[in-house]
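This one's a predicted model, so the numbers in the text were calculated from it and none came from an experiment. Chain letters run A, B, ... following the sequence lines, proteins first, then strands; residues in each count from 1. Basis for what follows: all heavy atoms, side chains included, without hydrogens, waters or symmetry-related copies.
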There are 2 protein chains.
Amino acid sequence: MLELAILGLLMDRDHHGYEVRAHLRDRLGLGANISFGSIYPALARLEREGLVEVAVTSATKVSTLSTGSLSGERASLRSLRVTPGLNRKSRKVYQITPRGREEFAHLLADPATLNDGKNFSMRMALAKYLAPNARVGLLEQRRSSLCARLGEARQYASNDELDTYARSVMEHAVQGVELDIAWIDTLLATERSNQINLAPEAN
Amino acid sequence: MLELAILGLLMDRDHHGYEVRAHLRDRLGLGANISFGSIYPALARLEREGLVEVAVTSATKVSTLSTGSLSGERASLRSLRVTPGLNRKSRKVYQITPRGREEFAHLLADPATLNDGKNFSMRMALAKYLAPNARVGLLEQRRSSLCARLGEARQYASNDELDTYARSVMEHAVQGVELDIAWIDTLLATERSNQINLAPEAN
DNA sequence: TTTCGATATATCGAACTGATATGATAGTTG
DNA sequence: CAACTATCATATCAGTTCGATATATCGAAA
């Protein structure tokens, strides 16, 4: 899931790891900060799979005092080496590859990898990259799984063995699911009105 | 977090692992099914720490055909051994220990371990075991963190670089937080009216 | 000037997921 | 009645994620 989110960010423009975290939060709606212990390994996996590559390893303000006698090759080696312990700032800027773009399109549209609410929200935040029919497909799948969930939640809330607090938790869960369904419905309504506007003489 | 939830279930009565999963879902509001890959290791941890113990290992319908020549000791060994490959049903029923009850009370009231929404809901489902002041404390802490979150979410939603879909995701997140705050407020109101009813002549 | 907060990468252990394996028991159906 | 299926029940594994921690740079303020 993180890999899809990161690929989605890189579809727009290049990013480095530290930047990725902020965007996962404020552009993809992944609420709390995702830990770097997830992000850096995910970037490493994507790189290993050839879906992203390091575009630039910038070492800001390379001191011109000591590099005077270094050949260009040795200087570039120095700036590419990013093992900890190096004495200058390293900043690996990642870029999505053509294969990465393919994989992104495939993953984003794949209904089999749609697991939970966070996953769905993240995909909707990237929905501009989806074909309209794929968008509607994901929305309808999500809607039906939420309806199932609503039935379960209502059942749990009506369990008369629950004390006041536990019952309140269950009722709140029901309200949460209802809110989610209402949201999906507004999104579906928008999709349908767009289809009508774009293809009024269809049929 | 799982350990606290399991201890909470065992406060009420003994359970075996398979049963725990259903109750995490329908009594503690931990929505989707928690995987057994979480539950069994958690039970093993709790047992290792001495917070729970195996009350009974029941082997329903021990075949009386082959056990005729077995001594009582060997028969009990057989029913206690639960390594895979055994040819009879094993069912480990867990019981909370006195130290487990202490640890439960401590963990449940500890505001430092209150991380996310799921954690909070789970604690509220167990709130009958909390002292009223601890209950109000947790509610107020949750409220203030939700208010902070609301501010952030509103800020993200007002980012004008977002496309329609991403903005919709952010606005939905805002509504979710608002619903959560409204819930907390009803719970706080209930707590306060209870305090007035129980101690009307305070001050 | 040095100290502080933000920027930036990386690693580690522990926890959780989803998949998979194994087998017991109970019901049902051809 | 035998075979099949669903549910009950425990367990392990690889892979993912979290939270904490370490390290180092940079700009700004005290």
Can you tell me how far [atom2] of [N] sits from [atom1] of [X], to the nearest Å?
X: B:Ile6; N: D:dT10; atom1: CD1; atom2: C1'; value: 14 Å
X: A:Leu4; N: D:dT16; atom1: CG; atom2: C1'; value: 15 Å
X: A:Arg91; N: C:dA8; atom1: CZ; atom2: P; value: 4 Å
X: B:Leu2; N: D:dC18; atom1: CG; atom2: P; value: 16 Å
X: A:Asn115; N: D:dT16; atom1: CG; atom2: C1'; value: 12 Å
X: B:Lys92; N: D:dC8; atom1: NZ; atom2: C1'; value: 16 Å
X: B:Met1; N: C:dC16; atom1: CE; atom2: P; value: 8 Å
X: A:Glu49; N: D:dG15; atom1: CD; atom2: C1'; value: 12 Å

Practice task
Take the angle between the ring planes of B:Phe104 and B:Tyr129 and call it parallel below 30°, perpendicular above 60°, tilted in between.
Solution key: perpendicular
Problem - Residues from residues 34-45 of chain A lying under 4.0 Å of DNA chain D - heavy atoms - result: A:Ile34, A:Ser35, A:Gly37, A:Ser38, A:Arg45
Exercise for the section: Check each residue of residues 13-25 of chain A for a non-hydrogen atom within less than 4.0 Å of any atom in DNA chain C, then write out the ones that pass by number, or none. Expected result: A:His16, A:Gly17, A:Tyr18
What pairs with [X] under side-chain contact (heavy atoms from CB on, under 4.5 Å), at least two apart in sequence or on another chain?
X: A:Asp14; answer: A:Ala55, A:Val93, A:Gln95
X: B:Glu178; answer: B:Leu150, B:Arg154, B:Val174, B:Gln175
X: B:Arg99; answer: B:Leu51, B:Thr97

Enumerate, atom names and distances included, each donor-acceptor pair closer than 3.5 Å involving a side-chain atom of residues 25-37 of chain B, sequence neighbours excluded.
{"residue": "B:Arg25", "atom": "NE", "partner": "B:Asn33", "partner atom": "OD1", "Å": "2.5"}
{"residue": "B:Arg25", "atom": "NH1", "partner": "A:Tyr156", "partner atom": "OH", "Å": "3.1"}
{"residue": "B:Arg27", "atom": "NH2", "partner": "A:Glu161", "partner atom": "OE1", "Å": "3.4"}
{"residue": "B:Ser35", "atom": "OG", "partner": "B:Gly37", "partner atom": "N", "Å": "3.1"}
{"residue": "B:Ser35", "atom": "OG", "partner": "B:Ser38", "partner atom": "N", "Å": "3.4"}

Problem - Main-chain N/O of A:Ala127 paired to A:Arg135 side chain as donor or acceptor, under 3.5 Å - result: yes
Exercise for the section: Give a yes or no on whether the backbone of A:Lys118 and the side-chain of A:Ser121 come within a donor-acceptor separation of less than 3.5 Å. Expected result: no
Problem - Lys/Arg N to Asp/Glu carboxylate O, A:Glu19 vs A:Arg91, below 4.0 Å - result: no
Handout entry: Any side-chain donor near an acceptor of the partner, B:Asp12 and B:His23, under 3.5 Å
Key = no
